[in-house]
Amino acid sequence: MADCLFCGIASGEIPGDIVYRDESVLAFRDIDPKAPVHLLIIPGKHIAGVDKLEAEDEETIGHAMSVARRLAAEHGVSESGFRIVVNTGPDAAQSVRHIHLHLLGGRALDWPPG
Ligand code: AMP
């Protein structure tokens, strides 16, 4: 989608530190990491947020979760623990309206979040 930052990263028009890609999802390092491991996993298809998910997206989002699990292992945080966050809408401070899973790990994470 035009004017979407993450569509730009997915298409290669905008640089991204991509660590994983397959036919339906990709993952890249967050530009402003909040933890030693901070990856974003996104579908290649533009979906604005969880609030806009459709039934046909279920397989892709389930796959994104599996990719997150695999990346957590590859980045050494499976045993220590990690958090997957999907901010949705204004109250959750979603700043990029292209659905993304934050994969955070490598330090003790506070709970509850702010
Ligand atoms: P959210 O606030 O949940 O929408 O998260 C958006 C995330 O995208 C933030 O953690 C930003 O640091 C991150 N971000 C913004 N621009 C870029 C970029 N060009 N490359 C990688 N991550 C980005």
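One-based numbering, in listed order, for ligands and for the atoms of each. Any value given below was found using the heavy atoms of this structure, including those in side chains, with hydrogens, waters and symmetry copies removed.
When hydrogens are left out, the protein atom nearest atom 4 (O) of ligand 1 is Ser95 N, 2.7 Å; that is the closest non-hydrogen contact. Among protein heavy atoms, the minimum distance from atom 5 (O) of ligand 1 is reached at His100 NE2, 3.0 Å. Of the protein's non-hydrogen atoms, Asp30 OD2, 2.5 Å is the one closest to atom 10 (O) of ligand 1. Here the heavy atom of the protein found nearest to atom 16 (N) of ligand 1 is Leu5 CD2, 3.3 Å. With respect to atom 21 (C) of ligand 1, the closest heavy atom belonging to the protein is Ile31 N, 3.4 Å.
By the criterion of a heavy-atom distance under 4.0 Å, the side chain of Leu40, and not its backbone, is placed next to ligand 1. Contact annotation for Ile14 and ligand 1: no heavy atom of the residue comes within less than 4.0 Å of the ligand. When non-hydrogen atoms are compared, ligand 1 lies under 4.0 Å from the backbone of Ala93 (N, CA, C, O) but not from its side chain.
Ligand 1 places these atoms under 4.0 Å from at least one heavy atom of Asp32: 12 (O). For ligand 1, the atoms closer than 4.0 angstrom to any heavy atom of Arg29 are 21 (C). Under a 4.0 Å criterion applied to the non-hydrogen atoms of Phe28, ligand 1 contributes the atoms 21 (C). For ligand 1 and His102, the ligand atoms under 4.0 Å from any heavy atom of the residue are 1 (P), 3 (O), 5 (O), 7 (C), 10 (O). Near Lys34, the atoms of ligand 1 lying under 4.0 angstrom from a non-hydrogen atom of the residue are 10 (O), 12 (O).
Panel note: side chain Arg21, backbone Phe28; no donor-acceptor pair is recorded below 3.5 Å. In this structure a side-chain-to-backbone donor-acceptor pair under 3.5 Å is missing from His100 to Leu39.
Between the CG atom of Leu109 and the CZ atom of Phe82 there is a distance of 11.0 Å, given to the nearest 0.5 Å. The NE2 atom of His98 lies 10.0 Å from the NZ atom of Lys45; values are rounded to the nearest 0.5 Å. If you take CG on Leu26 and CD1 on Ile9, they are separated by 8.0 Å, rounding to the nearest 0.5 Å. Distance check, rounded to the nearest 0.5 Å: SG of Cys4 to NE2 of His46 gives 5.0 Å. To the nearest 0.5 Å, atom OG of residue Ser66 and atom CG of residue Leu71 are 11.0 Å apart.
Electrostatic pairing of Lys52 and Asp57 does not count as a salt bridge here, judged by no charged N lying under 4.0 Å from a carboxylate O.
Atom NZ of Lys34 has more than 12 neighbouring heavy atoms from other residues, nucleotides or ligands inside a 6.0 Å radius.
The stretch residues 74-98 participates, sequence neighbours left out, in these salt bridge (charged side-chain N to carboxylate O under 4.0 Å, His left out) pairs: Asp51-Arg97.
Not one N or O of Pro15 is nearer than 3.5 Å to an N or O of ligand 1, by distance alone. Residue-to-ligand polar distances keep Phe6 apart from ligand 1: every N/O pair is separated by 3.5 Å or more. Some N or O of Asn87 is nearer than 3.5 Å to an N or O of ligand 1, by distance alone.
Judged by the shortest distance from any of its heavy atoms, Asp17 lies outside the 4.0 Å radius around the atoms of ligand 1.
The side chain to side chain donor-acceptor pair (under 3.5 Å) search around Asp3 returns none, not counting sequence neighbours.
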